[in-house]
Amino acid sequence: MPPRAPVQRRFPLRRTASASCRARRTPRPRGSARCRAGVRGTSTTRLQRPRASRRSSRRLQARARGTARAPHARTACRRAQCARPEPPSRRRSQPRSTRARLIGPKCAGAGRREAPIPCRGAPSSEGHQRGSRRGTRACPNRPKRPRRAKRPRRRTRTAPRPTRAAPAPGARATVPQAGRRAAARRARQRTRRLRPRRNPMRHGADASSATRAPAHRSPATARARLTEMAEKRYLLTPGPTPVPPEVLAVLAEPMIHHRARDFKGIYERSLARLREVYRTANDVLLFTASGTGAFEAAVANLTSPGDRVLVVSAGNFGERWAALTRAYGADVVHVRLEWGETPDPEDLRSALAEAGDVRVVYLVHSETSTGVVADVQALAAVAKDAGALVVVDAVSSLGAVPLETDAWGIDVVVSGSQKALMCPPGLAFDSVSDAALEQAARATSPRYVFDWERTRKAQAKLDAPFTPAVSLVKALDVALGLLLEEGLEAAFDRHARLGRACREGVKAMGLQLFSPDEDRSAVVTAIRAPDGVDSGDVVSSLRDRLGITIAGGQGDLKGKIFRIGHIGWFDVFDITTALAGVELVLADAGADIERGVAVTRALEAYESHATV
Ligand SMILES: Cc1ncc(COP(=O)(O)O)c(C=O)c1O
């Protein structure tokens, strides 16, 4: 606090209400109510009360005569708003205890001027000095009452605006009534604001009960109360996945130009980080598209109509390879397994031998629709032995489970931004080996946006052939930085433990797994719905009642399984949230499950060391 100016300059003697400030020798901080009254004259009505004037003029006269009381003998309450009457003159001779009784519990603070004046609502005297305009000494026992000085301002605010329509002749609406109506309207608005708001994303009986005021709720709806964190939502799907705040923050930054130098730096770093995550020395080509765009890029660049290709499918995304290659006119050998089966390298070997002259083998690393993670290392080795190029869909596995692009001899790895890479959807990637680029140079399928050579040439100059999703590239840069900071091995271990925690929790509840019970299955856990329960109802109930989004079954598995994702920015509490939610809705649906064990078991399993 800077030193105060001399008292006289700030509180001239002629100001009656400043007498108390003067008497204290140390002036009140600027802005305190009493001193404000003296300086600015905001409380002139109070200051000019005849009694106050008489009292202060008596004091001035006494001072002039040299008979004024010493300041410490003052017993009148100095609080500006404390209207305790002037004590009778005999009070000076009374013992202190009597004076205290006279002052009474209301004014226990009177006369203690060395203590800092707490500002009402401010935690410290510092807060008072800096910003409070109140500055009244808190009198702890004194009941609150409105300050007189402020009343006129309030009245002004509640008074009807001059623009209001005048009341009809003879109408009883007067100015005060209109003011009361406005005040009542404001009170109603305040009450409405305090009520829990209805979440527009939720529907159904429980969601509507969440909008009721607690007083109207019956005890029978105790469970519905769980839904009342109305806006809180949990994204526990295998993609898109939650995005860390650091990544979200960069998305909110002002736009930069994609040919500006600052973007080129980000672009270069993102591409380098991608290569690190891919574990490849090859180019990783970046497209503005969803993962399926990178699928299409691979097929368009590698396939000429009539080329023989082999697709191994055991779920939705294997089927997608088959559909795309067919769309480009390839001669497709489709090794179609039951959904949920794990592809066997020996089956592939015999299929390749039988088909003969297969140019490209298309595989899925993590089949997100079933939770199966294939042994692509073994499968790729078999395909290489047969002289075929290997293309792997790693949209949901890259960054979550081990994938060695170069060491395993994979020619093309396809991925996307919205899964374990912790970004929003919108970016797709193809890593391309030299052999794949050579094949692309020969392939005759039409392509333009997804043309590898065009993209590769541009990227070599740190350029993009078309305007890339600038903000998403910036987000990818940050997200990959986070992943590499954690370390790929550490991330793989975390994912394996998350998968294990989820499976153990599910089993403890008495549910059956659909996905394999193995540490490699670390991307998504697929669970069979109990008999008589439609898995779609579990998914919608979790979403609508509890704000938890998980995934349902796809294709033939629709209604039969539900899936809990655990890739990217996930920790064990995401798993326990999902398990607790599943337990709750299944119990409500009347399923025969064991309550209260899943979360504990999941936490224990997460602690144990994973072997991927
Ligand atoms: C394994 C797998 N492949 C491909 C895709 C398709 O990616 P997108 O939806 O981004 O086109 C997905 C997305 O769910 C996936 O999980």
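Note that ligands are numbered from 1 as they come in the structure, with each ligand's atoms numbered from 1 the same way.
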Could you go through ligand 1 and list every pair where one of its N or O atoms sits under 3.5 Å from a protein N or O, giving the atom names and the distance to one decimal?
unit_1	atom_1	unit_2	atom_2	d
ligand 1	3 (N)	Asp393	OD1	3.3
ligand 1	3 (N)	Asp393	OD2	2.7
ligand 1	10 (O)	Gly291	N	2.8
ligand 1	10 (O)	Gln418	NE2	2.7
ligand 1	11 (O)	Ser290	OG	2.6
ligand 1	11 (O)	Gly291	N	3.3
ligand 1	11 (O)	Thr292	N	2.8
ligand 1	11 (O)	Thr292	OG1	2.5
ligand 1	14 (O)	Lys419	NZ	2.5
ligand 1	16 (O)	Thr368	OG1	2.5
ligand 1	16 (O)	Lys419	NZ	3.1

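- No side-chain donor-acceptor contact under 3.5 Å links Thr405 and Ser431.
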Applying side-chain contact (heavy atoms from CB on, under 4.5 Å), run through Leu488 and Leu483 and close with a yes or a no. CA-CA 7 Å; Leu488 281 179; Leu483 179 59; 4.1 Å; yes
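- A salt bridge between Glu518 and Arg503 is absent, with no side-chain N of the basic residue lying under 4.0 Å from a carboxylate O of the acidic one.
- Salt-bridge formation is not detected for the pair Arg308/Asp357: no Lys NZ or Arg NE/NH1/NH2 atom is positioned less than 4.0 Å from an Asp or Glu carboxylate oxygen.
- Under 3.5 Å, the side chains of Glu296 and Tyr328 contain a donor-acceptor pair of N or O atoms.
- Every residue was checked against the ring pair (Phe, Tyr, Trp, His ring centres under 6.0 Å) condition with Tyr234, not counting sequence neighbours, and none meets it.
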